[in-house]
2 protein chains.
Amino acid sequence: MPYDSQSKRSRLIEAAAALIYERGFRDVTIADIAERAQVPTGNVYYYFKARDDIGFAVVETRLAEIQSSFREWDALENPKSRLIAFLNALEANSQELAEHGCPIGSLCAEFSKTGGALADKSRTLFIAMIDWFTTQFRAQGSGEGARSQALHLLSSVQGACLLAHSQRDSSLVTGEICQLKRWIEAL
Amino acid sequence: MPYDSQSKRSRLIEAAAALIYERGFRDVTIADIAERAQVPTGNVYYYFKARDDIGFAVVETRLAEIQSSFREWDALENPKSRLIAFLNALEANSQELAEHGCPIGSLCAEFSKTGGALADKSRTLFIAMIDWFTTQFRAQGSGEGARSQALHLLSSVQGACLLAHSQRDSSLVTGEICQLKRWIEAL
DNA sequence: GTCTATACGGCGATAGAC
DNA sequence: GTCTATCGCCGTATAGAC
């Protein structure tokens, strides 16, 4: 594999992730991705043997992204402030969330309908989030209720993103986040 | 317009709604819809001048469905029991919600990305739900907080459906519904 | 009004030159 | 490894027979 193969492959995945976030997987063509990545159209098939493999790679990228954020927040002193850091990150992105929805949530929604290997792969995204949230709630002292609280947190956030996206109103995310912060701080 | 034109049109919309719920709008073809509705493929264009118009009609059908449910629940004695009736209906459908997601939520998620007229149209679905919820919370005595509580209810339900669909685990909806019921009853 | 046949465009995928 | 040219399929939409 040549020196900049990785670079081209990365550029393709990055372009795909952005386009899929904006339009949805089904509405993004190979040509669209190639153009945005500045790679000749037909050449995409040197890096991915099928269209679905691009979706696969995008899920892996998204997973790496959130795990990277989690590791960063793990450095914070206590579990509550880690969860708050997550909510702050969402709040900072509320404009984009209202415009295009949650990058994770929309991927899961679309691939879940698709079914097959992509649905299986996308499932790992929510699992990673639930696991990390559960760890924080447990470390905070929630005991048995930790997982249930983790589910409630993810569920609320995803629902708020969907609402905000549909109504194109970022206040629908920020409002819910504000309540969630109060809930966590009061634990 | 002939006697059974309405019947054929209705059959097409019904078939489209079911298929779109299962696979998503983008993955359902005119031929698929026609076949399920037992109508010749090319003939669909007598009833709908473009593909998007079918999506439009499906949104209108879904809107009529939920408004019909709301009217039914309006007959119940008090606002709390009306909201509980809504949650009971979800609970009864939890299996299907885990398999295909929320029929309203998935439509909104997909059409919101699409943008354009379909996004605008699909927006009315959540608005109708928020309005009815708000009315119930206000009648219950929530005052200023009614709208915020309505948003929280819809948001939680939609998030739970998305989670359950992605993980194909109906307990993720029923669990959240159980908590929401307790919240409403404690108001 | 109803249905068939087909035009047309676009997309995924491949073959093969360099 | 990289890129171009192109094939073949499928889906939307239309023209026009009945």
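Letters A, B, ... are given to chains in the order of the sequence lines, protein chains preceding strands, and every chain is numbered from 1.
- Side-chain contact annotation: A:Asp131 with A:Thr134, donor-acceptor N/O pair under 3.5 Å absent.
- Rounded to an integer number of Å, the gap from A:Asp27 CG to D:dG11 P is 15 Å.
- What separates CZ of A:Arg51 from P of C:dG10 is a distance of 17 Å, to the nearest Å.
- The side chain of A:Tyr45 places no N or O atom within less than 4.0 Å of a non-bridging phosphate oxygen (OP1 or OP2) of C:dT14.
- Atom pair A:Asp52:CG and C:dC11:P shows a separation of 17 Å (rounding to whole Å applied).
- Salt-bridge formation is detected for the pair A:Arg123/A:Asp120: a Lys NZ or Arg NE/NH1/NH2 atom is positioned less than 4.0 Å from an Asp or Glu carboxylate oxygen.
- Of the candidate nucleotides D:dG11, C:dG12, C:dC3, C:dG12 has the atom lying nearest to any side-chain atom of A:Thr29.
- The nucleotide whose nearest atom lies closest to any side-chain atom of B:Tyr46 is, among C:dC3, C:dT2, C:dG12, C:dT2.
- Counting to the nearest Å, the P atom of C:dT4 and the CD1 atom of B:Ile30 are 16 Å from each other.
- The separation between A:Ile33 atom CD1 and C:dG12 atom C1' is 12 Å, rounded to whole Å.
- The interatomic distance linking A:Asn43 (CG) with C:dA15 (P) rounds to 16 Å, in whole Å.
- Atom CZ of A:Phe48 is separated from atom P of C:dC11 by 19 Å (rounded to the nearest Å).
- Side-chain contact of B:Ser142 with B:Gln149: a donor-acceptor pair under 3.5 Å is present, judged by distance alone.
- Here D:dC3 is the nucleotide among D:dA13, D:dG1, D:dC3 with the atom lying nearest to any side-chain atom of A:Lys8.
- Residue A:Ala16 comes nearest to A:Val58 through the heavy atom pair CB-CG2, 3.8 Å, listed as atom of the first residue, atom of the second, then distance.
- Between D:dT2, C:dT2, D:dC3, one nucleotide has an atom nearer to the side chain of A:Tyr47 than all others, and that is D:dT2.
- Both A:Arg26 and A:Gly42 lie near DNA chain D, and the one whose nearest nucleotide falls closer to the 5' end is A:Gly42.
- In this entry the distance linking CD1 of B:Ile54 with C1' of D:dT12 reads 10 Å, nearest Å.
- What you find for B:Ala119 and B:Ser112 is that their closest heavy atoms are CB-CA, 4.1 Å.
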